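Here's the structure we're looking at; comments come further down.
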Number of protein chains: 2
Amino acid sequence: MKTRIKELRARYDLTQEDLANKVGVRRETIGFLEKGKYNPSLKLAYKVAKTLETTIDELFIFEETDLE
Amino acid sequence: MKTRIKELRARYDLTQEDLANKVGVRRETIGFLEKGKYNPSLKLAYKVAKTLETTIDELFIFEETDLE
DNA sequence: TTATTATGTTAATTATATCTAACATATACT
DNA sequence: AGTATATGTTAGATATAATTAACATAATAA
């Protein structure tokens, strides 16, 4: 799964830690999400999307291999 | 968090078990999702949305209290 | 150089989504 | 009446998301 978190975070001039604080998670969690290292909960995905003023479907890009 | 799973599932004339089989999870998991009993992973949310030919943002409706 | 800031990454722990199995209930059909 | 189907719900086990803490690296600034 790919994500546009890093791109949008840069647009708002936020560090991983800034975004983590706004969302209410750890910096590492944001880092792992950006790297596609894990599959977040829907709630977390929603919070990140809302913080970056976008939608879940815009923020996370699924590929066929993600369906397995 | 509210969801339109039940509504869309009815539109496609699928039982919980039918949808579960298509998505690759247990029937109970679909039941719990419909009842808002838990917060699915993004991947599961995506699979359900895709199976019901909709988007995550259309399928799951967040409220302010879901952000806590 | 040294110090600071932002990010990467690992390992161990905790929290929770999902599975599994079982049983209950309600509805519809014969 | 019975049987079958669809859903509700519970409890325990398993998988994994997320935390915590620590240390590494790269870039930038003093």
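Note on naming: letters A, B, ... go to the chains in the order of the sequence lines (proteins, then strands), and numbering restarts at 1 for each one. In this text, all values refer to a predicted model and were calculated from it rather than measured experimentally.
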**Study point:** B:Asp66 side chain vs B:Glu63 backbone, donor-acceptor pair below 3.5 Å
**Key:** yes
Check your understanding: Any side-chain heavy atom of B:Tyr46 sitting closer than 4.5 Å to one from A:Met1?
Key -> no
Check your understanding: In degrees, rounded to 10°, what is the bend between the two ends of the helix from C:dT1-D:dA30 to C:dT30-D:dA1, using five pairs at each?
Key -> 30°
**Study point:** N/O donor-acceptor pair under 3.5 Å between B:Thr3 side chain and B:Leu59 backbone
**Key:** yes
Practice item. Kindly indicate, with the supporting measurements, whether the criterion side chain to side chain contact (heavy atoms under 4.5 Å, CB included) is fulfilled by A:Thr29 and A:Leu44. Key: CA-CA 10 Å; A:Thr29 301; A:Leu44 173 55; 4.0 Å; yes
Point to revise | Evaluation steps, side chain to side chain contact (heavy atoms under 4.5 Å, CB included), between A:Glu53 and A:Tyr12 | key: CA-CA 10 Å; A:Glu53 296 180 287; A:Tyr12 286 92; 2.6 Å; yes
Review point. Taking atom CG of B:Leu52 and atom CZ of B:Arg4, what is their separation to the nearest 0.5 Å?
Key: 10.0 Å
Review point. Which pair of heavy atoms, one from A:Leu42 and one from B:Phe60, lies closest together, and at what distance?
Key: CD2-CG, 3.4 Å
**Study point:** side chain to side chain contact (heavy atoms under 4.5 Å, CB included) assessment of B:Leu33 paired with B:Val25
**Key:** CA-CA 11 Å; B:Leu33 281 183; B:Val25 293; over 6 Å; no
Practice item. Identify the heavy atoms of B:Glu58 and B:Ile61 that sit nearest to each other, and give their distance. Key: O-CD1, 4.4 Å
Taking only N/O atoms, report every protein-nucleotides 25-30 of chain C pair under 3.5 Å with atom names and distance.
none

Check your understanding: Separation of B:Glu34 atom CD from D:dA6 atom C1', in whole Å?
Key -> 11 Å
Exercise for review: Going by the side-chain contact (heavy atoms from CB on, under 4.5 Å) test, name the single residue among A:Leu19, A:Asn21, A:Leu8 that passes it with A:Thr51.
Suggested key: A:Leu19
Revision key, fill the gap. Under a 4.0 Å heavy-atom criterion, the protein footprint on nucleotides 14-30 of chain D, written with B, S and -, is ---SBBBBB--------
Practice item. Rounded off to whole Å, could you give me the CD1-to-P distance for the A:Ile30 and C:dT7 pair? Key: 11 Å
Exercise for review: Enumerate the residues from residues 7-19 of chain B whose closest heavy atom to DNA chain D is under 4.0 Å, giving them by residue number; use none for an empty result.
Suggested key: B:Arg9, B:Thr15, B:Gln16
Review point. Tell me the salt bridge (charged side-chain N to carboxylate O under 4.0 Å, His left out) pairs involving residues 33-49 of chain A, sequence neighbours left out?
Key: A:Arg9-A:Glu34
**Study point:** Qualifying salt bridge (charged side-chain N to carboxylate O under 4.0 Å, His left out) pairs with a residue from residues 19-32 of chain A, counting only residues at least two apart or across chains
**Key:** A:Arg26-A:Glu28
Check your understanding: What is the distance, rounded to the nearest whole Å, between atom CD1 of B:Ile5 and atom P of D:dT7?
Key -> 13 Å
